[in-house]
Undergrad: 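Would you mind keeping the following structure in view while I ask a few things?
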Amino acid sequence: MAVSSDSILRFHQKIFANHPILELENGVSRIAVGAGGVSCSTRKLRSKARIGAKAVAEARVKGLESFKVNLDLGLDAVAEKELREKGFLGMRKTKLVCTIGPACCSLEDLERLARGGMNVARLNMCHNTKEWHRDVIKKIKRLNEEKGFCVSVMIDTEGSQIHVVDHGAPSSLKAEEGSVWVFTAQKFEGSLPFTIRANYEGFSEGIMVGDELIIDGGMASFQVVERMGNDLRCKCTDPGLLLPRAKLSFWRDGKLSHQGLPTISEKDWADIDFGISEGVDFVAVSFVNDAEPIKHLKNHISTKASRSIRVLAKIESLESLRKLEEIVEASDGIMVARGDLGVEVPLEQIPAVQEEITRICRQLNKPVIIASQLLESMVEYPTPTRAEVADVSEAVRQSADAMMLSGESAIGSYGEKALSVLRMVSNRMELQCHEENRQNALHQPCLGVSLPDRISEEICNSAVEMANNLGIDAIFVYTKHGEMASLLSRNRPNPPIFAFTDDNDARMALNLQWGVIPILVDLSDDMESNISKTTDLIKSKGMMKDGSSVLIVSDLTPSCATRTAFQSIQVKTIV
Ligand SMILES: Nc1ncnc2c1ncn2[C@@H]1O[C@H](COP(=O)(O)OP(=O)(O)O)[C@@H](O)[C@H]1O
Ligand SMILES: C=C(OP(=O)(O)O)C(=O)O
Ligand SMILES: [K+]
Ligand SMILES: [Mg+2]
C-alpha cells in the first residue's frame, strides 16, 4: 500500500470494537485497527476478508512536512517529533533495524524508513555489489546530514556459508520426492536440468555417500547417493522448494558434517575493509563459533580504522551456544540470527534459546538484536499474522534492545508498514511493561571489577530506581563513550534516557541501546554549564513543559584521578 502525502487512508478491516491490537500512526492522526479477520486463518481467506470488510477508519496522513531539522540541538528529527507528540514517557524504547535491499534503496525509500523509526540500516554483504552498498551508505549519510536523521549503518558479513548460485530457474524450483539432482561447483553455460551450482569450490569436501543435504534448514532434503569427482548426485527424500540462493548444509548422524571453514573469509575481510573505508558504525559477523574471530576483528579495526566501529556477533550455530558467554563478553553486541540458528537447533528450542541469549546480554550489558522472520508474511501481505505480532510482542517483553526486519524491508512490498507494525507493537508492550513495573523485578548481578567501575554501575542502578520511584519524566546523562548511558539502559528504566555526548561514534553506537536517545553536543568540563545549556535548549524548543522532572546523571572525567568526584545524581524540576 503506497501512502502518499496528505492522502486519505481507508482501512478495510473488521473491527472488534474494544480490542484494538495495532495502532497505525501517520503524522497527527491515529487509526485504531482491530483484530480483523481473526476467524480467517489462511492467507487466502485473510485477503478475502480484507477486501470484503467495510471501511471503518479514515485518517488524513501527514507526510514529511512536519519534520524539522534540528541540527543545533543534535537531537534527531524522529526523536524530536516523537517527543513533541507523545511526551517523554511515550517515547519508543525498542530500537529498529531494517535490512536494505532492492525494495527500499532509493533516497525516498530510505527517508521513509528513517522517518518510520529505523535506527540502524543493515547491509547484508551476501547480496549485491560493493557499488550498490556504497551508494546506499552514501544516501543514508546524506539523509542524516541534510534532514537531521540519526541512522547508523551496519554491514553483515557473508561468512563461509554454502549456498546455491544457480539452479536454472529465475525464482523457486520444486524438488519432487525421489528426483535425482547433481550439485556441482563447476561453472556452466545456460542451465542444465536437475543441476544446481554451489558458490564454494570445496563444498563437497569430506562429504560421503549417505550424508543428508538439507536445503534452507528444512525446505527440502536430499540424500547423497554418489560422488562424481567433486560433484554430488543426490536424491530428494523430502520434497520442497529450492529458492535462488538457498543455503546448503550437510548432516551425518544428526551432526553437521562441514566444519573448519573460517568464520571470516577472504571476501569478508575485503567487505570489512570496505565498511571501514565507507565509515560504517557496526560490523555484524556471521557464524561466530567462539570469541577468537571477534577479538581478531576488533584488533584489526583498532589498527586500521580511525574511528570506533562496534563489532556484533551473530549467534546462529550450535557451537556458538556452547561458547555464548565468551562471545558476548568479547563483542560489542549480539544478534540472535534465528534464521540459521533454526537450521542447527530444533525449532521448538528457539524461543527458549532467544530468551537465554537476551538474558545473558542484559547481564553482561551488551545490546541484543532479535532477527529473522519477525513479520515474514509481510514480505507478501500488508498485514502480519497474529502469531507474528505475538512473536514481536514477546521480544519486546523480554526487553531486547532491538528488532530487525530482513526480507520484509529488503524485498517486500510493505517494508514501511512492517516497520510501523514493529513500532506500534513495541509501544504497546512497553507501556504494558511500564504499567506492571516489570523492570523493577529484574535485578542484575554486579558487572564492574575496579572500584570506579563499580561506582558507575551503582550510580546507574540507584539512579534508575530513583527515577522509577519518583515518577521522573526523563533521565539525562552526560557521557563520553556511552558507558554510563548503557549502564542506565541495562536497568530498563520507565523514563527515556537522553544521552548527551560529544563523541559521534558513541552517539551512533548508542542507537542500538534500549531506551537511549543519543544526542550530539559540545560538552565542557563544567557540568553545571552542560546541564543548563542542554535543558535550556530542549526547553526553548518547546519540548519540555514547565514542571517536568529530570534526573541527571553525569560522568565526565576531566582527570582520571578525580573521576569519582564528577559522578553525580541530581533531580531537577524544570521551571
Ligand atoms: N542488498 C541486497 N540486494 C539484493 N537482495 C537483497 C539484498 N539484501 C537482502 N536481499 C534479499 O532479501 C532477502 C532477505 O534478506 P536477508 O535476511 O538479509 O538475507 P538472507 O535471506 O540471504 O539471509 C534475501 O534473501 C535477498 O533475497
Ligand atoms: C540474520 C541472519 O543471518 P543472514 O540473514 O545473514 O543469514 C539469520 O540467519 O537469521
Ligand atoms: K549475512
Ligand atoms: Mg544467517
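First listed ligand is number 1; within each ligand, the first listed atom is number 1. We number each residue from 1, following the sequence as shown.
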Undergrad: Return the set of protein N, O or S atoms whose distance to the Mg ion (ligand 4) is under 2.8 Å, each given as residue and atom.
TA: E316 OE1, D340 OD2
Undergrad: Under the salt bridge (charged side-chain N to carboxylate O under 4.0 Å, His left out) test, which residues partner D156, sequence neighbours left out?
TA: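 Expected list: R122, K314.
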Undergrad: My understanding is that only residues two or more places apart in sequence, or in another chain, count here; which of them pass salt bridge (charged side-chain N to carboxylate O under 4.0 Å, His left out) with R359?
TA: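 By the salt bridge (charged side-chain N to carboxylate O under 4.0 Å, His left out) rule, R359 matches E356.
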Undergrad: What class does the angle between the rings of H296 and W269 fall in, given that below 30° is parallel, 30 to 60° is tilted and above 60° is perpendicular?
TA: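 H296 and W269: tilted rings.
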Undergrad: Heavy-atom distance under 4.5 Å between the side chains of C150 and N511, does that happen here?
TA: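 The answer is yes; the side chains approach within 4.5 Å.
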Undergrad: Is a side-chain N or O of S160 found less than 3.5 angstrom from the main chain of T263, in a donor-acceptor match?
TA: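 Looks like no, no N/O pair under 3.5 Å.
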Undergrad: Using salt bridge (Lys or Arg N to Asp or Glu O under 4.0 Å), reason through D135 and K130 one step at a time and then give a plain yes or no.
TA: CA-CA 8 Å; D135 180 57; K130 279 208 176 70; over 6 Å; no
Undergrad: Compare all side-chain heavy atoms of Q223 with those of D211 and state whether any distance is below 4.5 angstrom.
TA: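 A side-chain contact is absent here, since even the closest heavy-atom pair is not under 4.5 Å.
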Undergrad: Are side-chain heavy atoms of S204 and F183 found at a separation under 4.5 Å?
TA: no
Undergrad: If the criterion is any heavy atom closer than 4.0 Å to an atom of ligand 1, which residues make the list?
TA: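 Under the 4.0 Å cut-off, ligand 1 touches T99, I100, G101, P102, R122, N124, H127, N128, W132, H133, K247, S406, G407, A410, I411.
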Undergrad: Once rounded to 10 degrees, what value does the angle at the K ion (ligand 3) take between OD1 (N124) and OG (S286)?
TA: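 N124 OD1 and S286 OG form an angle of 160° at the K ion (ligand 3).
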Undergrad: Kindly indicate whether the side chain of F282, heavy atoms from C-beta on, has any atom under 4.5 Å from the side chain of I155.
TA: no
Undergrad: D273 versus K304: any side-chain heavy-atom pair under 4.5 Å?
TA: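 Counting from C-beta outward, D273 and K304 do come under 4.5 Å.
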Undergrad: With carbon and hydrogen excluded and only N/O/S kept, which atom of D156 is nearest the K ion (ligand 3)?
TA: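 For D156, the N, O or S atom at the smallest distance from the K ion (ligand 3) is OD1.
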Undergrad: Of all the atoms in T157, is at least one N, O or S atom closer to the K ion (ligand 3) than 3.4 Å?
TA: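 For T157, the answer is yes, given that an N, O or S atom comes within less than 3.4 Å of the K ion (ligand 3).
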Undergrad: Parallel, tilted or perpendicular, judged at 30° and 60°: which one describes the rings of F203 and F250?
TA: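 Tilted, since the angle between the ring planes falls between 30° and 60°.
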